[in-house]
Amino acid sequence: MRIKSSVLCFLVGIATTVLAATPTSAQSTAGGTIDVSDEALVATLPGFRSGNVEANGVRLHFVAGGSGNLVVLLPGWPETWWGYHKIMPELAKTHRVLSLDIRGMGASDKPAGGYDKKTMAEDVSQLLIQLGYDKADIVGHDIGAMVAFSLAANHPNQVQRLVMLDVAHPSAGYLKIPLLPDKGTFGDKIDEDHPYFWWFAFHQVKGLPEDLLEGRAGLEHAWFFRYMMKDEAAIDARDRAVYAAAYSSRDAIRASNGWYQAFAQDVADDAGYSKLTMPVLGLGATAYSRLKATLDVKAPGSKTIKIEGSGHFIAEEKPDVLLDHLGDFLK
């Protein structure tokens, strides 16, 4: 029996993905055993250290280094603070850099609720206060971009500048996302004009994702990285092992699903937000047109730039391009 090349590539991707039941320090992959603990990862970033702070009733884990004006990096699904590791050392030459495991992510707490982006923005607001910062530049990607926007909307005095990476805050348009894809538009790679966000619906279901993905989160990740990236090698075997370990426990699956299950509340909150007045930069790839359309309305005077040759994961696929834009914007 002949197997199509796209299917074969997908199976190979799965075979090299970690299938761990819980986040442990050593994970087995096709290439051997990889230490995916935060301690091991931080050790690869000279000058950076892990920290924890109690904020808004939850314990938040972060990795910080460098000196200067504070830049807070907020990651999204299915990543952790490690999603920014390619830009952190260079950015730390001119800034204090803090990459955060948001509520429900990585080594941060995974409470029963509080996954609406307004509450998660309050987490970041109180973290800044606990650490002694009046304000910071905020960079968010994916779910982290939603939290970043909510922080800017609800705590504008704490946000000096805002950078949104490839995702906008949930708005009324989310309620009209189709259940089925347009004919002929759904394949191995995202059609940027006809994206199919089936996982938005899958993550609404309570309990079933835990049953299906416990110890196997890497299976979903492998498909998602293939669909959303232009350069799949940019997230390598170690990175995938880190993320599979971080999301394979039942608590981690439940908590990350909570980010999606809160979308209806996020949409309701969005309707009452005033327009942003601080400097705002949007950097889009697969979602460039949607990000620009949103920021043109929600942040008058903002600028949105298309990152050519990148898929959804800009910080991994085009770190040097991202650093160039951040260097110009965060001066």
Side-chain angles (χ1 to χ4, degrees), residues 6-24 26-31 33-38 41 75-86 101-102 104-108 110 141-145 165-167 186-190 195-205 208-260 285-287 310-317:
S6 60
V7 175
L8 182 60
C9 290
F10 178 67
L11 293 174
V12 170
I14 290 176
T16 59
T17 300
V18 138
L19 303 178
T22 55
T24 57
Q27 298 297 327
S28 297
T29 68
T33 300
I34 300 175
D35 189 342
V36 299
S37 67
D38 284 330
L41 297 175
W77 184 85
E79 297 186 299
T80 66
W81 71 267
W82 181 249
Y84 290 104
H85 74 278
K86 291 182 181 179
D101 281 334
I102 57 179
M105 175 183 286
S108 289
K110 300 168 179 61
H141 174 247
D142 192 76
I143 299 294
L165 301 181
D166 210 43
V167 169
F186 183 48
D188 286 345
K189 294 291 186 180
I190 189 171
Y196 181 45
F197 301 124
W198 63 268
W199 60 93
F200 281 25
F202 174 67
H203 291 168
Q204 298 300 315
V205 183
L208 182 61
E210 292 94 313
D211 292 340
L212 295 175
L213 296 175
E214 183 179 9
R216 296 182 289 272
L219 289 170
E220 186 182 15
H221 297 177
W223 182 91
F224 188 72
F225 291 143
R226 172 166 296 281
Y227 186 62
M228 297 295 285
M229 298 180 73
K230 290 192 176 179
D231 178 10
E232 292 180 63
I235 295 182
D236 64 19
R238 177 179 64 173
D239 303 330
R240 292 170 189 242
V242 170
Y243 303 140
Y247 286 90
S248 280
S249 72
R250 294 187 70 87
D251 269 354
I253 298 164
R254 170 193 54 78
S256 57
N257 286 346
W259 303 329
Y260 293 86
T286 59
S310 180
H312 178 61
F313 296 92
I314 297 170
E316 289 90 349
E317 294 182 71

Please round to the nearest 0.5 Å and tell me the distance separating atom [atom1] of [X] and atom [atom2] of [Y].
| X | Y | atom1 | atom2 | result |
| --- | --- | --- | --- | --- |
| His85 | Asp239 | NE2 | CG | 4.5 Å |
| Phe224 | Leu219 | CZ | CG | 15.0 Å |
| Trp77 | Ile102 | CH2 | CD1 | 13.0 Å |
| Lys110 | Arg254 | NZ | CZ | 8.5 Å |

Task: Residues in side-chain contact (heavy atoms from CB on, under 4.5 Å) contact with Thr286, at least two apart in sequence or another chain - done: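 With neighbours one apart ignored, the set is Asp166, Ile190, Glu192, Met228, His312.
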TODO: Answer yes when Glu316 and Lys86 have at least one side-chain N-carboxylate O distance shorter than 4.0 Å, and no when they do not.
DONE: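 Salt bridge absent between Glu316 and Lys86.
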Task: Identified side chain to side chain contact (heavy atoms under 4.5 Å, CB included) counterpart of Pro78 within the set Met105, Arg240, His221 - done: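 The side chain to side chain contact (heavy atoms under 4.5 Å, CB included) with Pro78 is passed solely by His221 among Met105, Arg240, His221.
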To check you understand the geometry: which heavy-atom pair defines the closest contact between [X] and [Y], and what is its length?
| X | Y | answer |
| --- | --- | --- |
| Glu317 | Ser310 | CB-OG, 3.7 Å |
| Ala107 | Asp101 | N-OD2, 3.2 Å |
| Ala246 | Ala252 | O-CB, 3.2 Å |
| Gly311 | Ala285 | O-CB, 3.0 Å |
| Val167 | Ala145 | O-CB, 3.4 Å |
| Ile253 | Glu210 | CG2-N, 3.9 Å |

Open item on the list: Against Tyr227, only a single residue in Phe197, Trp198, Tyr196, Phe186 fulfils ring pair (Phe, Tyr, Trp, His ring centres under 6.0 Å); can you say which?
Closed with: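 Option passing the ring pair (Phe, Tyr, Trp, His ring centres under 6.0 Å) with Tyr227: Phe186.
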Open item on the list: Checking the side chain of Gln204 only, and the main-chain atoms of Tyr260 only, is there a donor and an acceptor separated by less than 3.5 Å?
Closed with: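 It does hold such a pair.
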Open item on the list: Could you walk me through whether Leu213 and Phe202 satisfy the side chain to side chain contact (heavy atoms under 4.5 Å, CB included) test, starting with their C-alpha distance in whole Å, then the side-chain angles of each, then the deciding distance to 0.1 Å, before giving a yes or no?
Closed with: CA-CA 12 Å; Leu213 296 175; Phe202 174 67; 3.9 Å; yes
Task: Glu220: partners by side chain to side chain donor-acceptor pair (under 3.5 Å), with sequence neighbours left out - done: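 Side chain to side chain donor-acceptor pair (under 3.5 Å) check on Glu220 returns His203.
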TODO: Determine, stepwise, if the pair Glu214 / Arg250 fulfils salt bridge (charged side-chain N to carboxylate O under 4.0 Å, His left out).
DONE: CA-CA 6 Å; Glu214 183 179 9; Arg250 294 187 70 87; 3.2 Å; yes
Open item on the list: Side chains of Ser249 and Asp251 only: does a donor on one sit below 3.5 Å from an acceptor on the other?
Closed with: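 Checked: Ser249/Asp251 side chains show no N/O donor-acceptor pair below 3.5 Å.
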Task: Near-ring test Trp82/Tyr84, centroid separation under 6.0 angstrom - done: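 No, they do not, as the ring centres are separated by 6.0 Å or more.
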TODO: State, with a plain yes or no, whether a side-chain heavy atom of Asp142 is found less than 4.5 Å away from one of Phe313.
DONE: no
